[in-house]
Undergrad: 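Mind having a look at this structure? Questions to follow.
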Amino acid sequence: METVARGVDARVSGDRIVAAWFGSHRQPFKTPAAQQAHGLEGRVFLSVHRTGKHIVCELGPSASARRPLPAEDLAQLPIEAQWVVHLGMTGRLLVGASDAPVEPHTHARLALASGRELRFVDPRRFGRLEFRDLGSVASFVAPGAEPLTVARDEFAALFRGRKLAIKAALLNQNLLAGVGNIYADESLFRAGIRPRRAAGRLTRDELERLRQALRQVLRHAIRLGGSSVSDYVDAEGQRGFFQLEHRVYLRTGEPCRVCGTPIRRILLAGRGTHFCPRCQR
DNA sequence: CATTTCACCTGGTGGC
DNA sequence: TGCCACCAGGTGAAAT
């Protein structure tokens with residue numbers, strides 16, 4: 001998500017939405033299609049960032065100018081609205097030529113003043129698109145602590161007294177913002193902790209190892225442009241490379257890169273969960 | 001209330 | 001080749 005947000009930010013900031021088209025599928029829309037199109041048309045992209053797993057596009061006032069705005073003018077404009085995108089499992093945000101072939105499962109197309117288009121493509125339709133008018137609703141912030149910046153004590157407090165498995169706790173977006181299945185498994189491996197351990201029973205040392213592992217894994221993954229397991233790509237259609245660094249995720253039966261023991265797969269919180277039975281206690 | 005399960009979708013893969 | 005079971009970056013409603 002961080003990779004996607006950065007890519008989209010670099011490509012659309014300063015550009016203006018001259019027309020918005022939304023497909024007829026009901027599923028991906030938190031805000032009705034017509035309302036989103038109406039809210040978006042004419043607005044300028046001020047910036048794009050990530051909060052948790054959500055990508056937030058800050059939007060300026062509507063205007064009829066047909067040219068993209070220079071950066072120095074952008075800072076003067078008030079943030080009036082947001083377009084919040086959640087990619088689900090298979091969602092992609094792509095910026096490209098407006099005459100590029102439209103892929104199957106394209107649910108939204110925003111035509112930009114620069115002549116390009118921002119497109120939302122999502123085969124499984126688990127993604128969500130929401131338009132927020134900041135005149136009537138608050139600016140969007142994902143719940144949960146940010147794993148990249150959370151302090152030691154705050155991190156430990158998240159799990160205190162909890163009986164659920166630590167893996168399930170990591171995936172709970174109300175506790176930690178933005179940790180998904182890949183990075184939960186990868187950070188638990190690096191911290192040497194079994195995914196089924198009760199969250200509230202981890203020692204102070206284990207919690208601190210986990211916090212550090214999570215931060216390192218996320219930083220490393222962001223540096224490599226994310227994990228491209230099947231079709232994940234950034235705003236330019238480029239794949240990430242962190243999947244080459246996976247030590248357990250989707251490596252069932254393959255030897256552990258540390259001790260050679262075959263990686264095991266169990267079902268936990270309804271998700272495939274991968275770990276090394278020797279390295280993780 | 002905390003926690004678990006399941007439905008929501010499409011597509012790819014691998015076994016028979 | 002076809003058919004079927006199973007798997008996949010996530011969540012939120014319903015059940016326990």
Side-chain angles (χ1 to χ4, degrees), chain A residues 1-7 23-30 50-55 84-94 103-107 120-130 140 142-144 147 157-188 195-201 214 217-218 220-222 224-235 237-254 263-274:
Chain A
M1 299 308 156
E2 182 67 39
T3 301
V4 173
R6 289 180 188 183
S24 53
H25 290 299
R26 193 180 58 82
Q27 207 68 27
F29 308 132
K30 255 180 128 163
R50 171 200 67 82
T51 168
K53 290 174 188 169
H54 302 261
I55 293 162
V84 182
V85 178
H86 192 298
L87 298 181
M89 305 242 305
T90 54
R92 286 178 290 157
L93 274 178
L94 300 169
E103 288 188 51
H105 309 294
T106 298
H107 306 301
F120 174 70
V121 181
D122 183 16
R124 284 177 79 177
R125 288 187 259 153
F126 287 170
R128 289 291 179 272
L129 305 175
E130 178 187 9
F140 181 80
L158 296 175
F159 306 108
R160 204 161 292 150
R162 294 189 174 272
K163 293 181 177 168
L164 81 171
I166 183 62
K167 158 87 183 251
L170 288 176
L171 292 177
N172 182 340
Q173 299 297 298
N174 291 312
L175 296 178
L176 280 169
V179 179
N181 206 33
I182 293 176
Y183 302 113
D185 281 4
E186 291 298 317
S187 58
L188 284 169
R196 279 219 216 266
R197 293 272 304 282
R201 302 226 166 193
L214 203 45
V217 161
L218 290 170
H220 191 181
I222 289 168
L224 295 185
S227 300
S228 291
V229 171
S230 57
D231 54 7
Y232 163 82
V233 288
D234 70 12
Q238 295 296 306
R239 292 166 59 84
F241 292 97
F242 189 71
Q243 67 279 9
L244 303 174
E245 306 282 324
H246 290 176
R247 301 201 188 152
V248 288
Y249 183 75
L250 249 36
R251 293 194 65 241
T252 312
E254 292 174 46
I263 298 302
R264 284 238 285 268
R265 178 184 182 277
I266 58 173
L267 213 55
L268 200 164
R271 315 298 305 277
T273 297
H274 314 78

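Numbers restart at 1 for each chain; the letters A, B, ... are given by sequence-line order, proteins then strands.
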Undergrad: To the nearest Å, give me how far apart CG (A/Asp122) and C1' (C/dG10) are.
TA: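 Answer to the nearest Å: 11 Å.
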Undergrad: Establish, with yes or no, whether the OP1 or OP2 oxygen of C/dC6 is under 4.0 angstrom from a side-chain nitrogen or oxygen of A/Arg265.
TA: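 For C/dC6, OP1/OP2 do not have a side-chain N/O of A/Arg265 under 4.0 Å.
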Undergrad: Please enumerate all residues that pass ring-ring contact (aromatic ring centres under 6.0 Å, His included) together with A/Phe126, with sequence neighbours excluded.
TA: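 Partners of A/Phe126 by the ring-ring contact (aromatic ring centres under 6.0 Å, His included) criterion come out as none, since no residue qualifies.
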Undergrad: Under 4.0 Å between any heavy atoms, over every strand shown, what does A/Gly270 touch: base, sugar-phosphate, or nothing? Just pick one.
TA: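 Counting heavy atoms under 4.0 Å across all strands, no contact is made by A/Gly270.
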Undergrad: Under the side-chain contact (heavy atoms from CB on, under 4.5 Å) test, which residues partner A/Arg265, sequence neighbours left out?
TA: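 A/Thr252, A/Leu267, A/His274.
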Undergrad: Could you give the CD1-to-P distance, from A/Ile55 to C/dG10, as a whole number of Å?
TA: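 Nearest whole value for this atom pair: 13 Å.
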Undergrad: Please tell me whether A/Thr3 and A/Asp234 have a donor and an acceptor in their side chains that are separated by less than 3.5 angstrom.
TA: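 Side-chain D/A pair, A/Thr3 to A/Asp234: absent.
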Undergrad: Kindly write out the residues that satisfy ring-ring contact (aromatic ring centres under 6.0 Å, His included) with A/Phe241, not counting sequence neighbours, or none if the list is empty.
TA: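 By the ring-ring contact (aromatic ring centres under 6.0 Å, His included) rule, A/Phe241 matches no residue at all.
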Undergrad: At under 4.0 Å between heavy atoms, how does the protein contact nucleotides 9-16 of chain B? Give one character per nucleotide, 5' to 3', with B, S or -.
TA: BBS-----
Undergrad: To the nearest angstrom, how far is A/Glu130 atom CD from C/dG10 atom P?
TA: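 That distance rounds to 19 Å.
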Undergrad: Rounded to the nearest Å, what distance is computed from the CG atom of residue A/Leu268 to the P atom of nucleotide C/dC7?
TA: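 Taking atom P of C/dC7 as the reference, CG of A/Leu268 is at 15 Å.
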Undergrad: For residues 157-173 of chain A, which residues have at least one heavy atom under 4.0 Å from DNA chain B?
TA: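 Result for residues 157-173 of chain A: A/Arg162, A/Lys163, A/Leu164, sorted by number.
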Undergrad: For C/dA14 and B/dC9, measure between their P atoms and round to the nearest Å.
TA: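 That atom pair is separated by 15 Å.
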Undergrad: Could you work out, with ring-ring contact (aromatic ring centres under 6.0 Å, His included) as the rule, every residue matching A/His105, not counting sequence neighbours?
TA: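 Expected list: none.
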Undergrad: Partners of A/Thr273 by side chain to side chain donor-acceptor pair (under 3.5 Å), sequence neighbours excluded?
TA: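 Counting only residues at least two positions away or on another chain, A/Thr273 forms a side chain to side chain donor-acceptor pair (under 3.5 Å) with A/Lys167.
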Undergrad: Among residues at least two apart in sequence or on other chains, which ones pass ring-ring contact (aromatic ring centres under 6.0 Å, His included) with A/Tyr183?
TA: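 A/Tyr183: ring-ring contact (aromatic ring centres under 6.0 Å, His included) contacts with A/Phe242.
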Undergrad: For the atom pair CG (A/Asn181) and CZ (A/Arg271), what is the distance rounded to the nearest 0.5 Å?
TA: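 Interatomic distance, A/Asn181 CG to A/Arg271 CZ, rounded to 0.5 Å: 4.0 Å.
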Undergrad: When you measure from the side-chain N and O atoms of A/His86 to the phosphate of C/dT11, is any distance below 4.0 Å, counting only OP1 and OP2?
TA: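 So the side chain of A/His86 is within the cut-off, an N or O lying under 4.0 Å from OP1 or OP2 of C/dT11.
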Undergrad: How long is the line joining CG of A/Leu267 and P of B/dT4, in whole Å?
TA: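 A/Leu267 atom CG is separated from B/dT4 atom P by 12 Å.
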Undergrad: Could you work out, with side chain to side chain donor-acceptor pair (under 3.5 Å) as the rule, every residue matching A/Arg125, not counting sequence neighbours?
TA: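 Here the qualifying residues are A/His25.
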Undergrad: Listed by chain and number, what are the side chain to side chain donor-acceptor pair (under 3.5 Å) partners of A/Arg251, not counting sequence neighbours?
TA: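 With neighbours one apart ignored, the set is A/Glu254.
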Undergrad: A/Arg162: what forms a side chain to side chain donor-acceptor pair (under 3.5 Å) with it, not counting sequence neighbours?
TA: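 A/Arg162 satisfies side chain to side chain donor-acceptor pair (under 3.5 Å) with no residue once adjacent residues are dropped.
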Undergrad: What's the CZ-P distance between A/Arg271 and C/dC7, to the nearest Å?
TA: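 The distance from CZ of A/Arg271 to P of C/dC7 comes to 13 Å, rounded to the nearest Å.
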Undergrad: Quick one: A/Asn174 CG to C/dG12 P, roughly how many Å, whole number?
TA: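 My rounded result for the distance is 9 Å.
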Undergrad: Output the pairing pattern of DNA chain C as a dot-bracket string, 5' first, Watson-Crick or G-U wobble with both distances under 3.5 Å, | for cross-strand pairs, [ ] for crossing pairs.
TA: .|||||||.|||||||
